[in-house]
Amino acid sequence: SYVARAHAEFPGLNICTVIGFPLGYNTTACKVFETQQAVREGLASLRERLGAEVRVAAVGVTGSGRTLIGELIGADAVRDEITAQARAAVAADPLADTVFEIGGQDSKYIALANGQVADFQMNKVCAAGTGSFVEEQAARLGIPLGEYGALALSAKTPVDLGERCTVFVETAIHAALAKGASRADIAAGLALSIVRNYLNKVVGGKPVGRRVVLQGGVAYNPAIVAAFRQFYGEALTVSPWFAVSGAVGAALLARELLH
């Protein structure tokens with residue numbers, strides 16, 4: 001999208017760019033085919049929209065499907081998710097020392113030292129600290145995702161849903177509804193529960209520094225961002241490319257190979 005905007009603003013300009021692909025969980029043959037097809041269609045769409053005025057200098061891939069897709073498109077950089085997320089965070093804040101990344105299916109904690117990965121941790125079994133869990137519970141509560149954040153921020157008394165895994169949180173939600181709790185209070189309680197779950201089960205006893213960068217699709221939800229800020233205040237910033245941080249990191253790592 002950044003390249004497309006530059007192309008629109010400066011027509012006729014020959015732009016040199018790098019491309020990053022984040023490839024998520026694809027464990028079945030069907031999913032592998034779908035991912036390959038999606039990548040082909042994405043590249044075809046770029047070619048159609050941007051034409052010959054944009055030259056792709058390098059391509060980076062990351063995520064669980066990186067090896068297969070990297071071979072398919074001849075990627076210059078094939079990097080793991082931790083390395084790509086860390087690189088994107090440092091681009092967002094060169095002094096960052098901690099990265100919180102919560103995606104749709106998993107979540108990560110990364111400690112940085114001088115811009116490099118010093119330590120990391122990923123969620124193991126529990127899904128209650130991921131974006132997909134937010135979507136599932138919002139759907140059950142009848143709250144459109146686009147309205148979830150504003151509704152949660154309007155809560156008067158957020159419900160304490162605990163910080164345990166999915167089944168326990170779901171049970172707590174049902175109990176709160178039975179007691180007459182409002183959807184706003186439950187939505188706010190869920191945002192806090194997700195953050196506490198992440199901090200206790202993913203971060204655990206790992207150190208959290210003074211400059212924390214939040215990445216991943218959950219940052220679309222202002223209630224979850226607000227919940228994180230209850231713990232870290234101004235020490236926490238949201239990456240300007242939080243939703244595509246893996247792709248940005250992969251592209252930057254590919255660009256570095258040019259030098």
Side-chain angles (χ1 to χ4, degrees), residues 1-6 15-25 35 39 42 46 56-67 69-70 73 75-123 129-131 195 198 202-203 206-222 224-225 228-229 232 234-259:
S1 61
Y2 297 106
V3 176
R5 286 204 299 270
I15 303 169
C16 178
T17 188
V18 291
I19 298 176
F21 287 96
L23 291 314
Y25 290 90
T35 301
V39 169
L46 281 175
V56 177
V59 175
V61 294
T62 188
S64 57
R66 63 187 180 274
T67 302
I69 301 302
I73 63 178
D76 301 278
V78 181
R79 298 290 186 269
D80 63 86
E81 297 166 81
I82 299 298
T83 303
Q85 291 290 345
R87 183 65 187 85
V90 172
D93 179 3
L95 298 179
D97 52 24
T98 309
V99 184
F100 293 163
E101 194 273 334
I102 304 181
Q105 302 297 327
D106 69 2
S107 50
K108 309 171 189 69
Y109 154 88
I110 306 171
L112 302 172
N114 299 317
Q116 302 297 317
V117 177
D119 193 11
F120 71 92
Q121 181 73 28
M122 298 180 67
N123 68 324
T130 63
V195 169
Y198 171 84
V202 180
V203 179
K206 302 282 188 182
V208 176
R210 297 181 178 180
R211 297 181 75 109
V212 183
V213 176
L214 178 62
Q215 301 185 153
V218 297
Y220 274 122
N221 190 321
I224 292 179
V225 174
F228 268 113
R229 289 212 164 106
Y232 298 105
E234 296 304 312
L236 183 134
T237 60
V238 178
S239 169
W241 37 74
F242 62 86
V244 291
S245 50
V248 169
L252 291 171
L253 290 165
R255 186 180 68 176
E256 289 168 0
L257 296 177
L258 299 175
H259 305 291

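In this text the structure is predicted, and so the values were computed from the model without any measurement.
A donor-acceptor contact shorter than 3.5 Å links the side chain of Arg229 to the backbone of Leu236. Distance alone, capped at 3.5 Å, is enough to place a donor-acceptor pair between the Asn123 side chain and the Ser107 backbone. With hydrogens and angles disregarded, no donor-acceptor distance shorter than 3.5 Å links the side chain of Ser239 to the backbone of Leu214. In this structure, the side chain of Arg87 does not engage the main chain of Ala84 through any donor-acceptor pair within 3.5 Å. In this structure, Gln215 contributes its side chain and Val99 its backbone to no donor-acceptor pair below 3.5 Å.
Considering only heavy atoms from C-beta on, Tyr109 comes within 4.5 Å of Thr98 through its side chain. In this structure the side chain of Thr62 never reaches within 4.5 angstrom of the side chain of Gln85, judged on heavy atoms. Contact check for Gln116 versus Val90: no side-chain heavy atoms found under the 4.5 Å cut-off.
Of all heavy-atom pairs between Ala86 and Val117, the closest is CB-CG2, 3.6 Å. When all heavy atoms of Glu81 and Asp106 are compared, the closest pair comes out as OE1-OD2, 3.9 Å. Residue Val213 comes nearest to Ala96 through the heavy atom pair CG2-CB, 3.7 Å, listed as atom of the first residue, atom of the second, then distance. Annotation for Ala219 and Phe242: closest pair CB-CD1, 3.4 Å, computed over non-hydrogen atoms. Minimum heavy-atom separation, Val212 to Asp97: N-OD1, 4.4 Å. Residues Ala118 and Ala113 share a closest heavy-atom pair of CB-CB, 4.0 Å.
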query: Passes side-chain contact (heavy atoms from CB on, under 4.5 Å), Arg211 versus Leu112? Steps please.
result: CA-CA 10 Å; Arg211 297 181 75 109; Leu112 302 172; over 6 Å; no

- request: Show your reasoning for whether side-chain contact (heavy atoms from CB on, under 4.5 Å) applies to Ile102 and Phe228.
  value: CA-CA 12 Å; Ile102 304 181; Phe228 268 113; 3.7 Å; yes

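Ring geometry for Phe100 against Tyr198 counts as perpendicular: the plane angle is over 60°, on a 0 to 90° scale with 30° as the lower cut.
To the nearest 0.5 Å, atom OG1 of residue Thr83 and atom CZ of residue Phe120 are 8.5 Å apart. Within the model, atoms CD1 of Ile110 and NZ of Lys206 stand 12.0 Å from one another, a figure rounded to the nearest 0.5 Å. Taking CG of Leu252 as the reference point, atom CG of Leu257 lies at 11.5 Å (rounded to 0.5 Å).
Take Arg79 and apply the side chain to side chain donor-acceptor pair (under 3.5 Å) test, not counting sequence neighbours, and it matches no residue. Checked against side chain to side chain donor-acceptor pair (under 3.5 Å), Glu101 has the following partners two or more places apart in sequence or in another chain: Lys108.
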